[in-house]
Structure formats: structure tokens, C-alpha cells
Amino acid sequence: MRIPCPYCGERDSQEFVYRGDASPRRPEGEDGFYDYVYLRDNVIGEMAEHWYHAQGCRNWITVLRHTRTHRIAAATLSRETPA
Amino acid sequence: MTRFSIFNLATHALKGHRDWRPTWRDSAPAEGYDIVIVGGGGHGLATAYYLAKVHGIRRVAVVERGWIGGGNAGRNTTIIRSNYGLPGNEPFYEFSMKLWEGLEQDLNYNVMVSQRGILNLYHSDAQRDAFARRGNAMLLHGAGAELLDRDAVRKMAPFLNFDSARFPIMGGLLHRRGGTARHDAVVWGYARGASDFGVDIIQNCEVKGFLRDASGAVTGVETTRGAIRANKVGLSVAGHSSAVAAMAGLRLPIESHVLQAFVTEGLKPVIPGVITFGAGHFYISQSDKGGLVFGGDIDGYNTYAQRGNMPVVEDVCEGGMAIMPMIGRARLLRSWGGVVDMSMDGSPIIDRTPVEGLYLNGGWCYGGFKATPAAGRCFAHLLATGAPHDTAAAYRFDRFERGHLIDEKGAGAQPNLH
Amino acid sequence: MPEHLTIQERDDIALASVMARKSMSAAKIGTALGMSLLDRPAACGSGAVTFIGTGPGTWLAFHDGTAPDFAADLTHRLAGLASVSDQSSGYVVLRLAGEGARKLLQRGAAIDFHSASFSSGSVATTVIAHIGVVIRQVDDGPTYDLATFRSFAGSLREWIDHAAAALAF
């Protein structure tokens, strides 16, 4: 699988470290913390997820990837990606 | 159904093996059952078998989307072991090992249980201490364990790379009762056993939703072969637990990842048992046909594709070359991938869910095969009595919320690191 | 006929990493240095100084010829605009030159090194044999500079020797 890094261009997934689903939001208080830490939608289909380009530009990237076909629809720098 | 004996084997052999009958019934769905198990893998079929045999519940159906044993039961590396360290785990896996040891007599089916031993190598003082502690936990639960020094390991497996500058082999933890079993035979043996008790095995039957009553309780499943009513529904659908549970509105502490496995061309016997590399992720055994069966890490990102990526192929082969350079000349025959439920602490769930009437057996990560007999037995116990089996009492659905995690690796809520 | 490849450690250079402070653009930093600076994986140069883009707002700055004050000078000129760290001893730079250099890199990194997509002025931050490297194509000879952390340089050199031997250079 090759990931189109917004800075470096298309790179092998081996250069990246995976963090997982980008959709959970840290809750304000204690309520919802269990959901945030432990529960996942684990979707079959397109999923926004965090990848860290450890062996490249060392930036966090938000990738929109299909979990069955691995087709990647978009990849943006996470800091520039609206939450 | 056909029971195997030396006499009927001889009789059929003389007739050229032309008259064998199917060993289990391929059923059409009835209108309703006491219990419907979703998923016709080893776990689902074992659950049905023990429901009928131990608890006398025979109005049971196993519904399977494809063919039985076509998921992870047919995609693993066939290792059975009872070498865990934590209190919530080791009693369960030891229970499973004891069931493996009597399984062939119980099922009257050769599942090729071979207790050829598992050797976990250690490469540092700290790792030896951790293995000693794990070995003690195993001894306390009757699993047996021996801490070997370097010379004893050399005697068992002289071909290993003992003097690697980075990860010299200092010794190993030997679990003699561990070994391998024939994955397909396990599925077929349980299928025949369950079928004999009257369990319906329904293939090509995909669950598309749940029947619910006014209170929200599950009262059956909606399938591609019509609605099937049930008093209780048990999920045993490794890899797809989240997707099926979502049909009942549940979110699970599980992510789906792919684990790859590999087999080489057949070779003369070279690997004495199962050997694992302690400083990288690589484990290997040799099948009875002679192929070296090996694997390593999961690919590391969520996926429902039953195929793996190249970097992990490279990583696994590098691990193999680091620990036993002699396998570098063996040619790889096949590789495959299975989609597994990676849970948030690396341990499974066998429990009722917050939805009345719906029960879950899932989150087995990359280690569900060795658990097959005990998972079936404990899930059957839960479905039949409503209470968890003693050895699976720690595998609760709400343990994450309560903070009672069973995290062998100490990796935290990061499924791709377990 | 074996293809030509020469390998040489460059000890005639000074290096510094430059990281833009928050909201400071490449243009502002370039103006302070009297050169045009791009915020992308490319080599931008002025005289003896070359900036190689290694990440958003991040560069590895090369100075051809030893210059003990290179980092101090950059720190002074970019005060308030960017953070500068001396990397002269942090990285080792190997110069690979000759027809064989391209083939060698093709074996090591999952980057397209064909001249149509990677040529003089192209740069990439990537990995060879698990070792992080910054690759810059210096000319179409082709000549490449490979920068890697000093403690990994021996391992990288070992990989280069193995790979070159396999290619029968």
C-alpha cells in the first residue's frame, strides 16, 4: 500500500506509523471517556485515520482509506484537517 | 453418521474409498431454535457441540455466511498452547489444553493433536526473568514449564543463530504440552459431533440483521435465507464481530486487522517443535507434510481485506533469517491473511452484551485457534446457564469500563500493538 | 562491463537543521537569507548554501566547504523566524556518483529514481534498509548526496557494500 503524503508525495506504507481511527474526539469531562478510549466503529468502508510519516516528513497525516480495498480518497496534513 | 473405526476404515479401503457418506448434515433453516450461533468456524461449531453434549440443548442452529471453517479456522498457523502469564488468561488456556488432550477420544475424530512442544527463546537477562515469572504462572496452573539455558536449547535446536551480536540466544521457556493440531479436522470433527446431536449447520446464510421484540431484546436473526427465530443468539464471527454487533446498535472495543501466515515447500524434518524468536516477532513450526509454517506481526492497520502487505512479509522473513539463517534457502510456497478481532487489551470477550438475548464470543486477536475447545465450552456454558464459566469469568464485556483489563503485553488501548 | 560507482564521505561541508517558527513562512525565511526558499521537498540554493526541504517548514541546510560558524550565522540571521541546530557532526553525508548510483538506490528505497521523475535538484526523505536517509540528486551524472545520522552511517555503508556487490559493480 502506498500513501500519498501531502508533503513527500506517494510513499510506501512502511515509512508510516499507524495510530488508528481519526474520528474519536476527546470529551470535555469524565463522561464519554470510556467510549473515547475503548469503543470503535471499526467500519467496513471509508475511514479517516491518523498516520505518522516517521521515515519521511515527520508529520501527522489524516488519510481517508477504504478498509476493504485500501483505496485512498484523500490525504491531508492533520494539523490542517478540520476536526 | 459414520463413526470411524479400524474396521470400517479397512472395509472402505478395500472398496477404494468410494462409499463414504457425508459426515455431517448440510441443513436448511427451520423456523426457530432455542439458540442460534452466528459463525460456522471452529468456535461456533464447538459451541453448538457442547450446548448439545454438556447442556442437552439440541434445538441449535449454526449459521455461516460462506462454508464452515472458511474463515480464520482455515487461515491460522494451527498452534495450541497454554503459556500465558496473567490470572484471567492462564486458567482458561490450560482448560483449553486439557480439552485438546482429550478431544480426539471425545469426538471420535483424528484432529491430529501433536504435543511437540513450544520453545520461546529469550535474548536478555530481563527477558529471562519475565519468562521465569511466566513459567511459574504456568506451573501454578498445571500447564508445565521448563526454563532452559543456552546449552539445553542448543541440544534441541542446534541450527539456531546463537551468536547473533544483537540478540544472542540465552535460553528458552519450554512448554512441552504445546504443539499443533490440524485446523480443518477440528472444524469437521466438531461439525460432525454437533450434527450427530441434531444441531442444524446452515451454510451460505449471511446474517443481515436482528429480530427484536418491543423491549429491544433480540429474538432471532434476519438472514439471506429468511428470518430465523431464536431465544438467544450467540455471535462467534471473528474478524467481523464489530460489523455484526453494529446491526444490533452495539459498538465494541475491537478493531479488525489482518494477520498473515506463510508456508514453504515440503522439507525433511528440520524443526523439532514450535519455536518463537523473542527479540522480533517470528514463530515457526513444521507441518506433517513437511512445509515450514510461520508468521509474525499483524499488518498494523485496520483492514477487512483477507490479504496482507509486502512490508510485513519482509519483516517476518527478516525475523526468520535473524534467528535461523538456514531457512533462507527454503522457497515460499504460499502466504495468506486472515481478518482478526484485535481487542483493546489483547484478550477476548465471552459475555452477554448490553442487548438482551445477544451474546458475544469475540476479540480473540491472533490467538483464537488454540482457544477453540474452551471457547466453545465456555460460550455454551454462558448461553445455557446465563452465567460465565469459571475459567472465562474474567472475559467480561464491561471490563474496559471497570478498568479490569487483561493486558499480557502491557500495550494499552492500541490494538495494533498487542 | 561493470557500471561505474564511486562512494565518498563528504567531510568538506557544514550542516544545520532549520525549522520555521509558528506562522513564519518559507518566503520570509528566504528573504532573510537573500534567496528564494520553497516549502516542499526540493533543493534551493544560493552560492555555497543549499536548503533541502525535509518536511513542512523544515529544511536541512548544506554549506559546501567547511564553515565552523555556519549554524551560528544562520541562527543570527533567522532570529525570531526559525530555530537552527548545528548538524555538522550529527549527520554523515555520502556522495554516490556514476551510472551505478541510480541502480543502487533503486534497490534500497521505494522511490522512483527514473530520470523522468527524479533528477538534478530532486530530494527525498525516506528509508533504506530501515535507516532514515535524506537523498538529494546533485547532478544528472548522476551524483547523489545521502545524509544519514552518524551512528547509522556504518550500517548504511554495510548495506551499500552488500547491494553493490549483488549488482556486481
Side-chain angles (χ1 to χ4, degrees), chain A residues 1-5 8 10-27 29-56 60-76 78, chain B residues 237 239-247 249-258 297-315 318 337 339-345 349 353-354 362-363 397-405 407 412-418:
Chain A
M1 186 165 72
R2 287 169 75 78
I3 295 172
C5 171
C8 300
E10 200 174 82
R11 290 299 179 85
D12 194 280
S13 64
Q14 200 170 11
E15 294 186 2
F16 297 79
V17 172
Y18 185 67
R19 179 62 182 86
D21 195 344
S23 56
R25 292 279 162 269
R26 189 189 175 90
E30 213 172 290
D31 284 349
F33 224 86
Y34 161 65
D35 287 32
Y36 168 68
V37 175
Y38 292 113
L39 297 186
R40 296 290 178 266
D41 289 332
N42 197 14
V43 292
I44 301 177
E46 249 177 23
M47 171 166 152
E49 54 193 12
H50 284 136
W51 293 79
Y52 176 62
H53 199 179
Q55 299 277 22
W60 282 96
I61 294 161
T62 302
V63 178
L64 197 60
R65 180 180 63 94
H66 197 290
T67 57
R68 184 169 271 158
T69 63
H70 300 333
R71 201 184 73 88
I72 292 172
T76 49
S78 297
Chain B
V237 291
H240 286 71
S241 295
S242 298
V244 179
M247 296 176 196
L250 284 174
R251 294 174 82 215
L252 303 180
I254 285 172
E255 288 182 1
S256 295
H257 288 255
V258 71
D297 268 325
I298 56 174
D299 280 18
Y301 47 83
N302 288 46
T303 175
Y304 284 94
Q306 282 181 322
R307 63 175 191 277
N309 67 26
M310 291 304 285
V312 168
V313 178
E314 187 180 13
D315 181 71
E318 282 170 350
V339 179
V340 299
D341 282 357
M342 293 303 298
S343 71
M344 287 287 172
D345 61 358
I349 296 167
T353 71
F397 192 90
D398 65 352
R399 69 173 183 270
F400 303 93
E401 201 160 10
R402 290 182 293 111
H404 287 226
L405 275 65
D407 191 341
Q414 184 68 26
N416 64 338
L417 298 183
H418 281 288

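Just so we're on the same page: letters track the sequence lines, and every chain starts at 1. Everything quoted here is computed from the prediction, not taken from an experiment.
Judged by distance alone, the side chains of A/Y38 and B/D345 never bring a donor and an acceptor atom under 3.5 Å apart. At a cut-off of 3.5 Å, with distance as the only test, no side-chain donor of A/Y34 or B/D398 sits close to an acceptor on the other residue.
Two rings, from B/Y301 and A/H70, have their centers less than 6.0 Å apart.
We find the CZ-CG distance between B/R251 and A/D35 to be 6.0 Å, quoted to the nearest 0.5 Å. Taken to the nearest 0.5 Å, the CE atom of A/M47 stands 10.5 Å off from the OG1 atom of B/T303.
When heavy atoms are compared at a cutoff of 4.5 Å, B/L417 does not approach chain A at all. Contacts of A/S13 with chain B are made by side-chain atoms alone, with heavy-atom separations under 4.5 Å and no backbone atom involved. Contacts between A/V43 and chain B at a heavy-atom distance below 4.5 Å involve the backbone alone (N, CA, C, O). Using a 4.5 Å cut-off between heavy atoms, B/Q414 touches chain A through its side chain atoms alone. For chain B, the nearby parts of A/R19 are the backbone and the side chain; heavy atoms of each come within less than 4.5 Å.
More than 12 heavy-atom neighbours from other residues, nucleotides or ligands sit within 6.0 angstrom of CZ on A/R2. The local environment of CZ in A/R25 is crowded, with over 12 non-hydrogen atoms from other residues, nucleotides or ligands closer than 6.0 Å.
Counting heavy-atom pairs closer than 4.5 Å to chain A, the top residue among B/A246, B/A243, B/A413, B/S256 is B/S256. Ranking B/N302, B/N309, B/L250 against chain A, the residue ahead of the rest is B/N302, based on heavy-atom pairs under 4.5 Å.
Using a 4.5 Å heavy-atom threshold, the side chains of A/Q14 and B/E314 count as touching.
The side chain to side chain contact (heavy atoms under 4.5 Å, CB included) test with B/S242 singles out one residue from A/L39, A/I44, A/N42, and that residue is A/N42.
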